[in-house]
Amino acid sequence: PDAQQVHLDLESHAGPLRATAFGPGAIAHPPSSPGPAQRGLGSFFPLGVGAEGDQPRDVEYALGGAVVVSCLRDTNTLEFHDANSGALLGRLDVPAEPTDLDVVPDGSSVLVASRTADRVTVVDVATRSIVREIPVSTGPYRVVALGDGLRAVVGCDRSTGSGAFDVIDWTSGAVLRTIGTPSQGPLGITYSPWFGVQREILSEFDVTPDDGRIVFASRAAQSILVYD
């Protein structure tokens, strides 16, 4: 939150899964056997149990930067860590294939896009509990909370040759609007034979600062598309 650190998701079958923080003032929690690639790392948060391939996909600060929330795609869980000590605060099971997180403006909740469950889950960070599950269009892969503290935009690939943006009210669970788009499906796959893991390359979109428009980089249309 202070723009002094950046967190990365790392996946490894050769050692513990970790989310890491780089930057001035980072508290050092070094691994037991740091290697050359780990030089300059600050804080380490072990994710999951062992190195069985939990596939961490996203990490966010919540509760004013006090808690780090990560989603582990292949074990369908969220993990909550103390941002200062790195201590594991708890885990929470969520609908299948949590792929993306976003934090609501006041930092109290996270929104979780679960791609194969076709759900966005609202999670209370303080209690580490599910508030509600919101059915959305097929294949939600990204969720962006808007600044009004009520709405969010969900990118859905639909796997039918077309995509959609669902505008939801995460406080009530209502889908306010569905905007049809060209395909937002996977653009390709990256694979690491060294670690034996793969992940899809998904489409990119963002919302303008005034929350008024969605800007979508469409490979299918070979264009930058803007939706009101």
Side-chain angles (χ1 to χ4, degrees), residues 9 11 17 19 47-49 52-60 62 67-81 90-104 108-146 150-190 197-207 214 216:
D9 301 325
E11 172 66 84
L17 306 175
L47 302 178
V49 179
E52 74 284 6
D54 300 71
Q55 286 270 15
R57 293 301 300 265
D58 198 8
V59 60
E60 296 282 353
V67 175
V68 175
V69 185
S70 55
C71 64
L72 309 183
R73 188 195 72 181
D74 287 1
T75 50
N76 302 324
T77 55
L78 299 187
E79 289 195 348
F80 304 83
H81 288 82
R91 295 186 177 96
L92 177 68
D93 293 334
V94 294
E97 203 171 331
T99 303
D100 189 65
L101 303 172
D102 203 11
V103 179
V104 303
S108 64
S109 299
V110 292
L111 309 180
V112 187
S114 289
R115 190 151 180 251
T116 55
D118 302 334
R119 294 285 189 275
V120 169
T121 304
V122 183
V123 174
D124 184 279
V125 176
T127 61
R128 299 189 291 278
S129 62
I130 292 176
V131 177
R132 65 180 51 86
E133 296 179 14
I134 306 171
V136 294
S137 298
T138 304
Y141 65 91
R142 188 172 180 219
V143 58
V144 177
L146 302 187
L150 298 172
R151 297 173 298 157
V153 176
V154 186
C156 303
D157 65 30
R158 298 212 289 202
S159 302
T160 59
S162 65
F165 291 119
D166 282 357
V167 182
I168 63 172
D169 181 335
W170 60 266
T171 65
S172 69
V175 177
L176 304 176
R177 185 182 178 197
T178 296
I179 305 170
T181 73
S183 173
Q184 297 185 34
L187 309 180
I189 294 175
T190 60
V197 296
Q198 70 179 35
R199 65 188 296 173
E200 294 171 325
I201 303 170
L202 298 170
S203 300
E204 292 285 343
F205 72 91
D206 208 348
V207 178
I214 303 166
F216 169 42

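None of the values given here were measured: they were computed from a predicted structure. Basis for what follows: all heavy atoms, side chains included, without hydrogens, waters or symmetry-related copies.
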Colleague: So do the side chains of V123 and V69 get within less than 4.5 Å of each other, counting heavy atoms only?
Modeller: no
Colleague: Could you check V104, V143, V131 and say which one makes a side-chain contact (heavy atoms from CB on, under 4.5 Å) with W170?
Modeller: V104
Colleague: Report yes if some heavy atom in the side chain of S183 is under 4.5 Å from a heavy atom in the side chain of S162; otherwise report no.
Modeller: no
Colleague: What are the two closest heavy atoms between L101 and E60, and how far apart are they?
Modeller: O-OE2, 3.5 Å
Colleague: Are side-chain heavy atoms of P140 and D118 found at a separation under 4.5 Å?
Modeller: yes
Colleague: Given side-chain contact (heavy atoms from CB on, under 4.5 Å), test I134 with T121 step by step and report yes or no.
Modeller: CA-CA 6 Å; I134 306 171; T121 304; over 6 Å; no
Colleague: Using side-chain heavy atoms (C-beta onward) and a distance below 4.5 Å, is D157 in contact with R115?
Modeller: yes
Colleague: Which one of V154, V136, D166 satisfies the side-chain contact (heavy atoms from CB on, under 4.5 Å) criterion with T178?
Modeller: D166
Colleague: Going by heavy atoms in the side chains, are T138 and C156 under 4.5 Å from each other?
Modeller: no
Colleague: Got F165 and V207 here, is their nearest side-chain heavy-atom distance under 4.5 Å?
Modeller: no
Colleague: Taking the side chain as every heavy atom from C-beta outward, state whether R119 and P135 have any atom pair closer than 4.5 Å.
Modeller: yes
Colleague: A side-chain contact here means heavy atoms from C-beta on lying under 4.5 Å apart; do I214 and V144 qualify?
Modeller: no
